[in-house]
Amino acid sequence: MLPLLSRRLAQRFFPHSNRLLTTYFFSTTSDHRGSNPSRPSPPPIQVLLTESAGRGVFATRSIQPGELIHTAKPFVSHPSISSIDKVCYFCLKNSVRRLGFQAPEVLFCSEECREQAKGFYEVEKEADWSALVAHCRNRGLKYPFLAKRLACMVISGVTSADSLDILQPARLSAEMISQMEEELYLLRGALEDSGVKDEQLTFLNIEWYAGVLARIRINAFRIELAGTSYDDLLALAAASVESEAAVGNAVYLLPSFYNHDCDPNTHIVWVENVEARLKALREIEAGEELRICYIDASMDRDARQNLLSNGFGFECNCPRCMSND
């Protein structure tokens with residue numbers, strides 16, 4: 001049973017992948033169990049249309065402060081350039097190099113992560129990505145790596161080329177699309193040189209690439225791990241000073257339906273890996289919309305409005321902004 005979206009909507013966007021929905025989209029908590037204590041109950045939320053902000057996430061019962069609402073695995077994720085030799089290539093967990101580790105090899109924190117990464121890594125590892133990495137590093141780009149990984153997932157057959165169409169896209173100018181053409185050239189060239197056949201790359205054109213980047217731009221989350229030990233917290237503090245706190249970026253399906261509020265009732269945290277945890281900041285009533293803050297809520301109103309307008313394409317009309325707080 002699909003508890004969050006209607007079967008019709010789910011089948012429209014994912015007609016050939018029930019497993020995908022179960023694994024990446026619908027997540028559960030263990031705080032409230034049904035009649036079968038060994039089986040977690042569905043999260044206490046549903047996705048509905050709002051009057052002004054498209055889809056939104058609403059509580060189906062009262063939720064207490066600090067309650068874990070649900071967890072979510074990413075649909076696609078990728079380490080940042082600065083963290084690629086320090087974190088697991090799949091789950092982004094801080095990892096230690098093994099003795100005898102070869103520099104070109106990426107890190108996996110476990111055999112489970114290595115196995116789950118096969119859906120894209122079997123394609124990725126055959127290509128030389130140095131030109132794309134250099135291009136992104138020189139221009140401070142991070143989202144082309146998510147598009148690269150998604151392309152490899154499509155090629156390997158673990159997902160479809162339209163798998164992100166369910167997400168809201170950003171508005172792209174002609175200039176922005178033009179700049180993406182060089183990224184696409186480098187991405188496609190690396191795959192072609194690795195031996196990927198032309199018929200496997202028919203989807204990989206500027207329309208697909210721009211559409212994917214348009215959705216990644218406003219739906220990707222910057223992953224900053226909270227850590228579980230004192231050493232983790234020290235490392236995080238040091239990284240923050242160097243503006244390198246993010247270990248990577250990820251796109252989720254369900255968390256992407258959460259709308260923004262500068263005074264949110266819900267927040268999203270990452271403890272030791274890329275699995276997202278949505279927790280209540282205060283008491284939430286049944287039928288109330290759950291909202292997270294997309295930006296640093298400590299900024300003043302003008303700074304928040306500017307960042308939301310330029311980065312996410314909307315003017316915030318939350319109570320806090322309307323009161324000029």
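This one's a predicted model, so the numbers in the text were calculated from it and none came from an experiment.
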List the steps and the verdict of salt bridge (charged side-chain N to carboxylate O under 4.0 Å, His left out) for Arg282 and Glu67.
CA-CA 9 Å; Arg282 57 172 175 78; Glu67 182 178 333; over 6 Å; no

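- A heavy-atom distance below 4.5 Å is found between the side chains of Tyr258 and Leu278.
- Counting heavy atoms of neighbouring residues, nucleotides and ligands inside a 6.0 Å radius, atom CZ of Phe312 exceeds 12 of them.
- You'll find the ring centres of Tyr89 and His78 inside the 6.0 Å limit.
- Qualifying side-chain hydrogen bond (donor to acceptor under 3.5 Å, both in side chains) partners for Gln200, counting only residues two or more places apart in sequence or in other chains: none.
- Arg217 CZ: 12 or fewer foreign heavy atoms inside a 6.0 Å radius.
- Here Phe108 and Phe90 keep their ring centres 6.0 angstrom or further from each other.
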Going through the distances and angles, do Phe203 and Ile155 end up as a side chain to side chain contact (heavy atoms under 4.5 Å, CB included)?
CA-CA 9 Å; Phe203 72 95; Ile155 292 168; 3.9 Å; yes

For a side chain to side chain contact (heavy atoms under 4.5 Å, CB included) check, start with the C-alpha distance between Arg61 and Ile63, then their side-chain angles and the critical distance, and finish with the verdict.
CA-CA 6 Å; Arg61 61 164 172 79; Ile63 300 173; 4.1 Å; yes

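- No path of Ile, Leu, Val, Met, Phe, Trp and Tyr side chains, each step under 4.5 Å between heavy atoms, connects Leu281 with Leu290, placing them in separate hydrophobic clusters.
- Crowding of Glu199 atom CD: a count of heavy atoms from other residues, nucleotides or ligands under 6.0 Å exceeding 12.
- Checked against side chain to side chain contact (heavy atoms under 4.5 Å, CB included), Ser173 has the following partners two or more places apart in sequence or in another chain: Glu175, Met176.
- For Tyr252 and Phe75, the gap between ring centers reaches or exceeds 6.0 Å.
- Between Lys148 and Glu183, no side-chain nitrogen of the basic residue sits less than 4.0 Å from a carboxylate oxygen of the acidic one, so the salt-bridge criterion is not met.
- Within the 3.5 Å criterion, the main-chain N or O of Ala174 finds no donor-acceptor partner in the side chain of Ser178.
- Checked for salt-bridge contact, Glu112 and Arg114 miss the test: no charged N lies under 4.0 Å from a carboxylate O.
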